[in-house]
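Just so it is clear, the model here is predicted, and its values are computed rather than measured. So you know, we letter chains A, B, ... as the sequences are listed, proteins then strands, and number each from 1.
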Protein chains: 4
Amino acid sequence: MTDAAPAAAPAADTGGVAAERLRSFIARIERLEEDKANIALDIKEVYSEAKGEGFDVKVLRKIISLRKRDPQERREEEELIELYLAALGEAR
Amino acid sequence: MTDAAPAAAPAADTGGVAAERLRSFIARIERLEEDKANIALDIKEVYSEAKGEGFDVKVLRKIISLRKRDPQERREEEELIELYLAALGEAR
Amino acid sequence: MTDAAPAAAPAADTGGVAAERLRSFIARIERLEEDKANIALDIKEVYSEAKGEGFDVKVLRKIISLRKRDPQERREEEELIELYLAALGEAR
Amino acid sequence: MTDAAPAAAPAADTGGVAAERLRSFIARIERLEEDKANIALDIKEVYSEAKGEGFDVKVLRKIISLRKRDPQERREEEELIELYLAALGEAR
DNA sequence: CGGCGCTACGTCCGTC
DNA sequence: GACGGACGTAGCGCCG
């Protein structure tokens with residue numbers, strides 16, 4: 001048995017198989033990060049387009065993030081804020 | 001001409017055309033952000049896989065970020081001498 | 001009078017007076033940034049202490065940032081959010 | 001035992017002791033943030049002054065950040081070879 | 001539970 | 001004066 005691919009070995013032998021694996025992982029990650037960056041660009045463009053039609057980008061972002069959060073925990077956090085503000089005797 | 005599609009109107013009328021546009025922008029953005037999140041997950045998985053083969057994730061990240069910085073960084077580092085000269089001397 | 005300090009000259013002569021000025025500016029800035037970093041640490045400590053007495057740090061931060069913002073524009077932004085949500089027919 | 005100061009109680013009672021503690025924490029944080037903001041202003045002023053003497057602010061910033069990164073950066077750069085070795089080979 | 005890295009936000013600058 | 005881009009800062013989530 002020649003032990004060609006020891007699954008969870010410490011990834012040794014410099015210049016050998018491990019080096020090739022390393023190269024591969026690096027390449028895959030960099031490719032994915034490139035994709036991610038491109039999508040981020042697309043998102044920016046959509047916001048720009050919306051802005052061009054008169055929408056308030058800042059508010060759009062808030063809407064997006066509101067929809068992302070669980071309604072209940074959101075409610076709870078808001079109540080805590082009210083509580084703290086009340087303790088401070090704040091105007092609100 | 002009855003001005004059917006005022007490009008940069010304040011985009012306010014609830015239930016009207018603007019609402020539909022708003023819905024559309026939100027949907028597009030959320031779709032893109034979902035894609036982006038999925039890619040982020042993929043990246044995490046690659047790191048996990050690498051870890052499973054004995055690579056040190058922290059080290060991998062460092063390598064990635066160094067490679068990312070380099071075509072900027074190295075250039076900057078090289079430019080710094082020029083910059084010092086500029087700061088100490090003439091516009092260029 | 002020999003014009004020792006020409007106020008808005010291009011800051012020329014390498015190794016001469018300008019180099020000394022450069023050194024000075026760098027030193028002043030680095031000193032200030034150090035101070036700033038120390039204050040940032042102090043802030044972290046206060047949050048920690050508050051946490052130790054049972055306060056919710058996340059909410060504390062929200063309180064701080066709320067108090068920092070102008071009440072009116074804050075109100076306006078909230079209304080815009082409500083408007084957009086209404087246009088989406090959102091639960092709220 | 002009357003439990004006058006429960007160290008890690010939920011810190012909730014409006015108008016009671018907790019309210020006073022809350023007020024105090026908020027005040028301390030806001031004071032520190034004010035100081036920090038002032039230092040940030042000082043830094044801006046130094047940059048302005050430098051600019052007034054003909055230095056290129058952007059260049060100055062670059063110098064500062066390079067100097068800041070260096071005792072980290074240079075070390076990292078030096079470590080990278082070791083890291084590659086680690087990634088390819090043994091834990092260390 | 002604390003530290004670190006990533007992400008998102010707001011600010012400032014140069015451009016048109 | 002508006003816009004877009006870059007920078008620095010603050011918040012959030014994950015890992016150790």
Peer 1: Of all nucleotides in DNA chain F with an atom under 4.0 Å from a non-hydrogen atom of chain C, which is the first and which the last going 5' to 3'?
Peer 2: F:dT9 to F:dC12

Peer 1: Treating primed atoms plus P, OP1 and OP2 as sugar-phosphate and everything else as base, which nucleotides of nucleotides 4-16 of chain E get B, S or - for protein heavy atoms under 4.0 Å?
Peer 2: ---SSSS-S----

Peer 1: Using salt bridge (charged side-chain N to carboxylate O under 4.0 Å, His left out), reason through C:E78 and C:R75 one step at a time and then give a plain yes or no.
Peer 2: CA-CA 5 Å; C:E78 264 175 23; C:R75 197 82 201 115; 2.8 Å; yes

Peer 1: Does B:R23 reach the main-chain N or O of C:L88 with its side chain, forming a donor-acceptor pair under 3.5 Å?
Peer 2: yes

Peer 1: Inspect the surroundings of CZ in D:R69 and state if more than 12 heavy atoms from other residues, nucleotides or ligands are less than 6.0 Å away.
Peer 2: yes

Peer 1: So C:E49 and D:R21, salt bridge (charged side-chain N to carboxylate O under 4.0 Å, His left out) or not? Walk me through it.
Peer 2: CA-CA 11 Å; C:E49 190 184 337; D:R21 290 302 287 150; 3.7 Å; yes

Peer 1: Tell me every residue that passes salt bridge (Lys or Arg N to Asp or Glu O under 4.0 Å) with D:E30, counting only those two or more places apart in sequence or in another chain.
Peer 2: C:R67

Peer 1: Give a yes or no on whether B:R74 atom CZ has more than 12 heavy-atom contacts from other residues, nucleotides or ligands under 6.0 Å away.
Peer 2: no

Peer 1: Quick one about D:Q72 and D:E76 (side-chain donor to acceptor, distance below 3.5 Å, no hydrogens or angles considered), yes or no?
Peer 2: no

